[in-house]
Each structure stands twice: as structure tokens, then as C-alpha cells.
Amino acid sequence: MTRVFNFSAGPAALPEPVLRQAAEEMLDWRGSGVSVMEMSHRGKEFMSIHAQAQALLRELLAIPPNYKTLFMQGGAIAENAIVPMNMLRGKASADYIDTGEWSRRSIEEAARYGRVNVAATSKGSGYTTLPARGTWQLDPEAAYVHICSNETIGGVQYHFTPDVGDVPLVADMSSEILSRPVDVSRYGLIYGGAQKNIGPAGLTIVIVREDLIGHALPCTPSAFDYAVVAEHDSMFNTPPTYAIYIAGLVFQWLKDQGGLAAMAQRNEAKARLLYDHLDASSFFSSRVDRSCRSLMNVPFHLKDPSLDEAFLKGAQARGLVQLKGHRIVGGMRASIYNAMPLEGVQALVAWMREFEMQHG
Ligand SMILES: *Cc1c(COP(=O)(O)O)cnc(C)c1O
């Protein structure tokens with residue numbers, strides 16, 4: 001068996017100890033005689049798995065008691081609709097900050113349910129920076145302000161929590177959730193699909209302040225009404241049981257690693273290694289503004305794009321996979337989520353050095 005270093009943007013690499021434990025427990029979960037996949041979601045075994053995952057998530061993020069954690073389905077793209085359906089709360093419009101492909105998708109979808117005010121955009125920069133907070137044209141009457149805290153495709157990340165006054169801040173954190181500590185109390189709602197930095201695709205995490213729940217548009221499907229989901233403890237419909245189980249194992253792994261502060265340090269060290277190499281090289285480059293470079297998704301370009309294929313082929317041969325950049329940005333992209341060890345980034349930088357020697 002050979003495991004490679006998987007730089008996929010998502011579904012992405014999982015911690016190897018988690019996969020090993022899941023393999024061990026595959027046929028017989030802790031003496032139950034069944035796989036987690038075969039359990040009733042209302043049985044005591046799965047209820048304990050579910051409760052443990054919820055408790056660990058709350059502990060890792062130090063989620064205040066006046067927030068609900070919901071385990072939903074449909075991914076962040078479904079939340080692009082579910083958020084306005086639940087969060088407009090009879091108000092006329094919502095503010096959105098446009099910082100790249102994922103916030104653009106959020107804006108397009110939200111506009112089907114209410115009036116969207118694009119309060120700031122970094123489109124003019126080719127989405128290589130964030131619009132300065134001082135330029136945001138926020139509406140104090142807005143239902144909420146929506147940001148994408150880490151643009152997975154462009155590689156742009158907020159390294160601060162924007163102050164938006166009393167208007168609830170809503171963040172799509174799909175590609176950075178649990179990569180660092182977050183002051184949840186600064187947000188009205190945080191959401192993210194699990195398949196980047198948590199676990200298998202199919203599970204969506206929503207963390208929402210209680211007082212914002214209970215105002216869904218009448219047309220909202222019951223399974224997507226936060227009040228209904230919260231009231232049924234995320235079991236209104238059959239939850240993605242196996243994805244929740246794996247997420248719980250990842251949460252435990254994160255706790256064993258020292259929690260989110262320790263993960264943040266490791267993630268910073270990994271990203272620094274890669275960005276330092278990009279900045280020192282005249283052969284490779286990062287186009288993203290230094291103030292907002294993502295610690296999770298690192299797009300980079302070769303000076304000569306005709307060498308892209310050779311770079312990728314050599315990387316593959318060295319067990320460094322999924323480095324091809326998103327078609328919108330081109331070049332390469334290394335996604336270095338929690339589960340990517342420092343050794344993976346070291347191996348990538350070593351290959352970059354070797355390749356530059358051959359071709360530079
Ligand atoms: C991947 C991603 C999405 C899309 O997630 P789905 O699970 O496909 O719905 C949305 N937003 C961000 C920031 C992402 O990284």
C-alpha cells in the first residue's frame with residue numbers, strides 16, 4: 001500500500017489515524033456487531049456518536065451556549081440558498097462582500113430570495129486581494145453581511161474578523177473551518193461543507209446564534225428550516241450518519257493534536273514554507289496580495305506555463321498529487337488543510353527546487 005501526499009482542494013486528504021480507526025471499526029463498531037453505516041440513526045449507538053461529535057465540535061471552537069450547531073446536508077452551495085431563506089427575517093436586503101468565485105456564487109443564489117447589495121468587491125484586482133474594510137458600503141438595515149472567509153479557488157483569506165456593527169456577520173468557512181481558533185461570538189452564522197477540512201462530503205456544518213433562528217421564509221423546505229433542524233437535534237431527516245462518524249473521529253484527532261491553536265501554528269508553518277519559497281524564486285510566483293494569502297489553498301504559477309504539464313507529471317511520479325490549479329486561475333494550487341503534514345509541503349518544495357534546477 002502506498003499513500004501519496006494529496007493536495008486536493010476537496011474532497012481532500014483525511015488524517016491517516018482517522019482512516020485506520022475507521023477501517024478497524026468498519027465491520028463491528030465497538031462490539032455492536034454492525035458497521036456505523038448499518039446503524040439506525042435513532043439507536044443508542046449512533047445517538048452517542050452524534051452527541052460526541054457535537055460536543056467535540058463545540059469544545060474545539062469554544063462555541064458559546066447561545067449558539068446551535070446543526071449537522072445538515074446539501075453542502076455550502078445549498079446553504080447559499082438556505083442562508084437567505086432563514087436569515088432575511090423580513091428585512092429588505094442583505095449585504096455581500098465579493099472576493100472571488102465562491103462569494104460570487106453565494107451572491108447569485110441569494111439574489112433569488114431577496115435583494116442583495118454587493119457592498120464591496122475585489123473583482124478589479126482579479127480577486128487577488130480583499131477590498132479594504134474602509135471601502136465597504138454597508139447598509140445598517142441589512143439582514144446580515146455575508147463573507148467567504150477563505151476563497152478556495154483564488155487563495156484569498158481574511159486574517160481578521162470584519163467589524164460590521166450590530167448586523168449579523170455570516171461566513172462561508174468551508175475551506176478553513178477548524179484550521180484556527182475563531183471567536184464564534186463575532187458571527188451570527190458560520191457554515192461550511194465538511195469535505196475540505198473535516199471529513200467526507202455529505203455533511204454540512206452550521207453554527208448559528210439562537211436569536212436568529214425561527215424566521216424562515218414560508219416556502220423554506222422543512223429540512224432546511226434552521227428552527228426545525230435545531231428542534232429535532234439535526235435528526236429531522238436521516239442525517240449523513242457515516243460522515244458524522246468520520247467527522248467525530250477527526251474532531252477527536254484535532255483535540256489530540258492540541259486543539260485549534262496548535263493546528264493554527266502548524267498550518268502557519270506549512271504555509272510559510274511554501275510562500276517563502278514562492279517569494280524567493282523567480283521561477284514560481286504567488287499572485288495573491290501578501291496581506292490576505294490563504295493558509296489553506298495556495299495557488300501558484302510557473303513563469304513559463306508551457307512547463308505546467310511537466311511539473312505536474314514529475315510531481316505525480318513523486319507521490320505529490322492533485323496540484324493542478326483551478327481552471328479559472330490556472331497554474332497550480334496546493335491545498336494544505338489540517339490533514340496535510342509538514343512533510344508533504346517539504347516534499348513539494350523539494351520537487352519545486354529540483355524542477356527549477358532542471359528548467360530554470
Ligand atoms: C467547496 C466550497 C463550496 C462548495 O461546496 P459544496 O459542498 O460543493 O456545496 C462553497 N464555498 C467554499 C468556500 C468552498 O470551498
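Numbering starts at 1 and runs along the sequence shown. We count ligands from 1, going down the list as the structure has it; atoms in each ligand are counted the same way. As the structure is a prediction and not an experimental result, all values here were calculated from the model.
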Participant: For Thr152, counting its heavy atoms only, list the atoms of ligand 1 lying under 4.0 Å from any of them.
Facilitator: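 Listed by number with element: 12 (C), 13 (C), 14 (C), 15 (O).
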
Participant: Among residues at least two apart in sequence or on other chains, which ones pass ring-ring contact (aromatic ring centres under 6.0 Å, His included) with His232?
Facilitator: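 So His232 forms a ring-ring contact (aromatic ring centres under 6.0 Å, His included) with Phe236.
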
Participant: Mark up the atoms of ligand 1 that fall under 4.0 Å of a heavy atom belonging to Ser175, in ascending order.
Facilitator: 15 (O)

Participant: Does Gly75 reach ligand 1, in the sense of a heavy atom lying below 4.0 Å from it?
Facilitator: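 Checking ligand 1 against Gly75, which is what was asked, there is a heavy-atom contact under 4.0 Å.
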
Participant: Using a 4.0 Å cut-off to any heavy atom of Ala76, which atoms of ligand 1 qualify?
Facilitator: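 Selected atoms, number and element: 3 (C), 5 (O), 6 (P), 7 (O), 9 (O), 10 (C), 11 (N).
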
Participant: So Phe284 and Phe355, would you call those rings parallel, tilted or perpendicular, with 30° and 60° as cut-offs?
Facilitator: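 The arrangement is tilted - the two ring planes meet at 30° to 60°.
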
Participant: Just heavy atoms, cut-off under 4.0 Å: does Asn150 contact ligand 1 by side chain, backbone, both, or neither?
Facilitator: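 Answer for Asn150: backbone.
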
Participant: Given that the side chain starts at C-beta and the backbone is N, CA, C, O, which of these parts of Gln195 lies under 4.0 Å from ligand 1, counting heavy atoms, or is it both or neither?
Facilitator: side chain

Participant: With heavy atoms of Cys148 as the reference, note each atom of ligand 1 found under 4.0 Å away.
Facilitator: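 Within the 4.0 Å cut-off of Cys148, ligand 1 contributes 13 (C).
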
Participant: Do other residues, nucleotides or ligands put more than 12 heavy atoms under 6.0 Å from the CZ atom of Arg133?
Facilitator: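 Enclosed: over 12 neighbouring heavy atoms sit under 6.0 Å from CZ of Arg133.
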
Participant: Go through the structure and list residues passing side chain to side chain contact (heavy atoms under 4.5 Å, CB included) with Ala22, not counting sequence neighbours.
Facilitator: Tyr242, Tyr245, Ile246, Leu249

Participant: Taking everything shown except Gln358 itself, do over 12 heavy atoms lie less than 6.0 Å from its CD?
Facilitator: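 Yes - once you tally the heavy atoms of other residues, nucleotides and ligands closer than 6.0 Å, there are more than 12.
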
Participant: Considering both backbone and side-chain atoms of Ala78, is one of its nitrogen or oxygen atoms within less than 3.5 Å of a nitrogen or oxygen in ligand 1?
Facilitator: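 Min N/O separation from ligand 1 is not below 3.5 Å for Ala78.
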
Participant: Looking only at heavy atoms, is any part of Ala201 under 4.0 Å from ligand 1, and if so is it the side chain, the backbone, or both, or is it neither?
Facilitator: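 Answer for Ala201: neither.
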
Participant: Could you give the distance from CG (Leu254) to CD (Gln252), rounded to the nearest 0.5 Å?
Facilitator: 9.5 Å

Participant: Run the numbers on Tyr144 and Tyr96 for side-chain contact (heavy atoms from CB on, under 4.5 Å), then give the verdict.
Facilitator: CA-CA 8 Å; Tyr144 57 89; Tyr96 278 69; 2.6 Å; yes

Participant: Specify side chain, backbone, both or neither for Lys196, according to which of its non-hydrogen atoms lie closer than 4.0 Å to ligand 1.
Facilitator: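 Under 4.0 Å from ligand 1, Lys196 contributes side-chain atoms alone.
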
